[in-house]
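These notes are about the structure you will find just below.
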Amino acid sequence: MRYLPLSDTDRGEMLARIGVNHVDELFADVPKNLLLKEPVDLPRRKGELEVERILSRMSAKNVSASSVPFFVGAGAYKHHVPATVDHLIQRSEFLTSYTPYQPEIAQGTLQYLFEFQTQVAALTGMDVANASMYDGSTGTGEAVLMAHRVTRRRKAVLSGGLHPHYADVVKTLSDMASDETVTLAPDVNGTEDILSQIDDTTSCVVVQSPDVFGNVRDLKPIADKAHRHGALLIAVFTEVVSLGLVASPGSQGADIVVGEGQSIGNALNFGGPYVGLFATQSKYIRQMPGRLCGETVDADGNRGFVLTLSTREQHIRRDKATSNICTNSGLCSLAFTIHMTLLGETGLTRLARINHAHAVKLADQLATVKGAEVLNKTFFNEFTVKLSKPAAEVVERLAEKGVLAGVPVSRLLPGAGLDNLLLVASTEVNTDDDRAALVAALNEVL
């Protein structure tokens, strides 16, 4: 509050209006053990130039993903984004637009969202897609809520291969709604018996492929078992480029497909903003969260675009909305659409093949390192390596040598006894020299 240009009288009037005596009462729902005991150790005030110098020195300590061999993935992947994408999304009519409430003056925005939906539906093998979500994790939470509405059941089964951050989002939403979640143990090898968890009380089964450990999963048997019990299969992905090579979730029987679209058109951006992809079968369209853009004709027969479904609280009564947390990540979805258009089907397939080939090369090379064992039998562009030492320590030592080696599983699943496991991703941006540098550095450290 001290950073706001308000007097004590102003603050007193504001607190009185909402019926509290002190600003601390506004944080009553935050567990007390999570509240700071004293102010953050920062200077009370600094001039703009001084702050700029301090922050510049701090940022100089970072090692950027483009400056060293980079093999970090685990849900956020470094890909080449053509300069055309950034050039086009910075056009003023795109950069400054947000929500197409008035179709008569937002035809361009509605059209690219329509094209985006078309691309996502084709990629996922589904009938229909919405106009994007915040990101893959919140999209997964929305998919579970949607499955509950469709089946009128309240129990979700989460695969042990689901990204832990995605699982946490689902569990948070489920806890608030008093819904049940059954979370299977971490499934490093992709061999869990998820079929035994499906029964007549199950609303949905949430399975990621490729999963967080890199395993490519066969979704068909899971879909068949779920459908026999009246449940839905929610197929999740974190690496959308994999859909250029792996069989689409729709072709494997998925009812809802959701994931992260960051890999196409969107840079890493320090963790966001990203773009969630969400698609389903046409029979479930009215239970789908968010917005859906459609194509129509006007009174003169001219082609036009409209918001066909807008089942969120900004458009209708809150109690009738299918979602209260979703939005269309407009600029990010536009970047996705432009990049996808540049690639085309042939280009995406070629990009996916390059990714897989690079990962295979790296896996073969890492298999020669004493103290490193590649665990995966199947993978796309990411896999799990078991090290002879704790992965977090190895990653730090490799960073000192100018190599960003991957993500320790212990960072995603602390306390799970998987401290020696490392997630390694290799995309089209990695070179033979990058791979050689990682192998050489590991040979020194292990």
Side-chain angles (χ1 to χ4, degrees), residues 63-80 161 163 186-191 209-217 237-242 244-246 263 268 349-413 418-446:
V63 179
S64 72
S66 301
S67 64
V68 296
F70 184 84
F71 300 93
V72 180
Y77 302 92
K78 179 172 174 53
H79 291 278
H80 171 67
H163 195 297
D187 184 25
V188 177
N189 299 310
T191 57
S209 180
D211 66 21
V212 69
F213 299 104
N215 304 294
V216 178
R217 307 287 291 268
F237 57 86
T238 59
E239 171 55 291
V240 65
V241 176
S242 67
L245 198 58
V246 177
S263 290
L268 289 170
T349 301
R350 182 170 181 269
L351 176 62
R353 291 188 182 279
I354 292 171
N355 271 252
H356 182 58
H358 282 195
V360 169
K361 283 183 182 179
L362 181 59
D364 290 344
Q365 289 175 285
L366 290 178
T368 67
V369 177
K370 185 178 180 180
E373 177 190 0
V374 177
L375 299 182
N376 298 63
K377 294 182 179 179
T378 62
F379 58 85
F380 172 61
N381 67 358
E382 186 170 27
F383 50 85
T384 303
V385 182
K386 183 178 181 180
L387 304 177
S388 57
K389 298 179 180 178
E393 297 177 12
V394 173
V395 165
E396 290 299 322
R397 292 190 61 186
L398 292 185
E400 293 171 1
K401 295 178 179 293
V403 177
L404 297 181
V407 178
V409 172
S410 60
R411 182 174 177 180
L412 302 175
L413 292 163
L418 304 174
D419 292 1
N420 285 30
L421 301 187
L422 178 67
L423 300 179
V424 180
S426 185
T427 70
E428 78 279 0
V429 303
N430 295 128
T431 64
D432 289 338
D433 289 342
D434 291 339
R435 288 183 283 274
L438 173 57
V439 171
L442 270 178
N443 274 315
E444 292 179 19
V445 170
L446 294 179

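The basis for the numbers below is simple: all heavy atoms, side chains too, and nothing from hydrogens, waters or symmetry mates. This structure is a prediction, so every number in the text was calculated from the model and none was measured.
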Any residue meeting side chain to side chain donor-acceptor pair (under 3.5 Å) with [X], in chain and number order, not counting sequence neighbours:
X    : answer
D434 : T431
T384 : none
D432 : R435
K401 : E444

Interatomic distance, [X] atom [atom1] to [Y] atom [atom2] [nearest 0.5 angstrom]:
X    : Y    : atom1 : atom2 : value
K78  : S64  : NZ    : OG    : 8.0 Å
K386 : L418 : NZ    : CG    : 10.0 Å
L421 : R411 : CG    : CZ    : 16.0 Å
F213 : L413 : CZ    : CG    : 5.5 Å
L438 : F71  : CG    : CZ    : 5.0 Å

Q. Hey, which of T378, V216, T238 is the one that makes side chain to side chain contact (heavy atoms under 4.5 Å, CB included) with S209?
A. V216
Q: Only counting residues at least two apart or in another chain, list the ones meeting ring pair (Phe, Tyr, Trp, His ring centres under 6.0 Å) with H79.
A: none
Show me, pair by pair, the donor-acceptor contacts under 3.5 angstrom made by side chains of residues 349-370, not counting sequence neighbours?
| residue | atom | partner | partner atom | Å |
| --- | --- | --- | --- | --- |
| T349 | OG1 | E345 | O | 3.0 |
| N355 | OD1 | N381 | ND2 | 3.0 |
| N355 | ND2 | L351 | O | 2.9 |
| N355 | ND2 | E428 | OE1 | 3.0 |
| H356 | ND1 | F379 | O | 3.4 |
| H356 | ND1 | F380 | O | 3.0 |
| H358 | ND1 | T427 | O | 3.0 |
| H358 | ND1 | N430 | O | 3.3 |
| T368 | OG1 | Q365 | O | 2.5 |

Does the side chain of [X] reach to within under 4.5 Å of the side chain of [Y], using non-hydrogen atoms?
X    : Y    : value
V409 : L423 : yes
L398 : L442 : yes
L375 : F383 : no

Please give me the minimum heavy-atom distance between [X] and [Y], naming the atom from each residue.
X    : Y    : answer
S263 : E239 : OG-OE1, 2.6 Å
A391 : L422 : CB-CB, 4.1 Å
A74  : H163 : O-NE2, 2.7 Å
G190 : D211 : CA-OD2, 4.3 Å
L387 : A372 : CD2-CB, 4.0 Å

Q: Measure from the side-chain N and O atoms of N215 to the backbone N and O of V188, and report whether any donor-acceptor pair falls under 3.5 Å.
A: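 Yes, the answer is positive, given that a donor and an acceptor are paired below the 3.5 Å cut-off.
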